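What follows is a short report on a single structure.
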Amino acid sequence: MQGKYSLWTKVLSCLLAGLAISSYLIPAGEMGEDWIPLLSGFVDLSAIGGNLWIRGILGAVSNILIVVSLLVINKKSVNNVFNPRFSASFFLLILLLHPGAVYFCGLHPAVLLFVWGQYCFIIDQKFTSMFLLSCSALFYAPLLWVLPLVWAISIMGVADIPRVALKSLGGLVLPMVYLLCFRYMAFGDAGVFIQEYLAHAAAYSSPFHSFRFSSLFLLACLCAVSVHSISYMFSRLYKNSIITEHILKMEFMCFVLAVMLLVLFWGNGSMPLNMLAALPAALLFSHYFTGNINAAPARVELILLCCAAAISRLSYFI
């Protein structure tokens, strides 16, 4: 079994190396159009956006931190239902499908905070969890719309609903209250900031006008693996430990929310929104392939997924 894990992780490592190197060979877009709420008025994003060295270094450091955070979540499973190498490999694979993911943008700190917010949720620190998730929405405005759903999820199945609901709500609103108070005292533009924030949060755009037809095969493979991973998750959900069950439910809900944001905002700007789905998809894929690595259909799906990723990247150079 370990030998087969090693074989497939070597294949994935070679693919990831190719995706990473080729990402730097594809022209990067300017960062000026990507508005980061928390940094607005403090950092000149256009200056950072024009310096590919700074963006590349910040992006690499951020991606490494997110991978390390993924491994921390992995350790919360007492059973070996998530292969660590598979989890990290699938995360990087989905991340690098968009070549712009190697360059820093507001999604990097947002995803990192979302990862640690999930970790705090697992260890039942609801206030800290909602605080970190709310902070993530200060780096990428459209995440605002998922926060009420996450808050509702956080109070489901708890014994003391009023107390937990108030504690979670406090963590949810505190970052925004702090930021608005600071902007009011420092710049006097709290009202203008709210308007601009809501405008960016509601700036959805259809993905179809900017969709690359060469990526249809990749999309089909991702959908097929996602459906099989989710189906396998539900079939094995109550056969795992409680904490593993908890993680799987959470990642499934995060995956659904991430796909919703992808559909609504993919056509708006050049940000690599696949980053939002990379973490939950990586854990779901890892759970599926860890349990089915000996099955021929799973191996065929993995081969097709790798081929589709390679073909999609080659289309940038043809």
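One-based numbering along the sequence shown. Nothing here was measured: the structure is a model prediction, and the numbers come from that model.
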Full working for ring-ring contact (aromatic ring centres under 6.0 Å, His included) between Tyr24 and Tyr103
CA-CA 9 Å; Tyr24 291 104; Tyr103 298 104; 5.7 Å; yes
Applying side chain to side chain donor-acceptor pair (under 3.5 Å), run through Arg313 and Ser23 and close with a yes or a no.
CA-CA 9 Å; Arg313 180 51 51 88; Ser23 293; 3.0 Å; yes
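The environment of CE in Met176 is crowded: more than 12 heavy-atom neighbours from other residues, nucleotides or ligands sit within 6.0 Å. The number of heavy atoms from other shown groups lying within 6.0 Å of CZ (Phe187) is above 12.
Ring geometry for Phe289 versus Phe86: interplanar angle over 60°, hence perpendicular rather than tilted (30 to 60°). Taking the six-membered ring where the residue is Trp, His228 and Tyr288 present tilted rings, their angle falling between 30° and 60°. Relative ring orientation between Phe104 and His108 is described as parallel, the plane-to-plane angle staying below 30° on a 0-90° scale split at 30° and 60°.
Distance alone, capped at 3.5 Å, is enough to place a donor-acceptor pair between the Trp151 side chain and the Ala165 backbone. When atom types are taken as modelled, the side chain of Arg183 and the backbone of Gly191 share no donor-acceptor pair closer than 3.5 angstrom. No donor-acceptor pair under 3.5 Å is formed between the side chain of Thr290 and the backbone N or O of His287. For Asn63 (side chain) and Ala101 (main-chain N/O), a donor-acceptor pair under 3.5 Å exists by modelled atom type. Of the possible donor and acceptor atoms, none in the side chain of Ser312 sits under 3.5 Å from a partner among the backbone N and O of Ala309. Side chain of Ser286 to main chain of Ala282: no donor-acceptor pair is present (N/O by atom type, distance under 3.5 Å, no hydrogens or angles).
There is a path of hydrophobic side-chain contacts, each under 4.5 Å, that joins Leu138 to Leu149. Hydrophobic clustering, with ILVMFWY side chains joined whenever heavy atoms are under 4.5 angstrom apart, keeps Val173 apart from Leu166.
Both tests do not hold together for Arg236 against Phe234: distance to the six-membered ring centre under 6.0 Å, angle to the ring axis within 45°.
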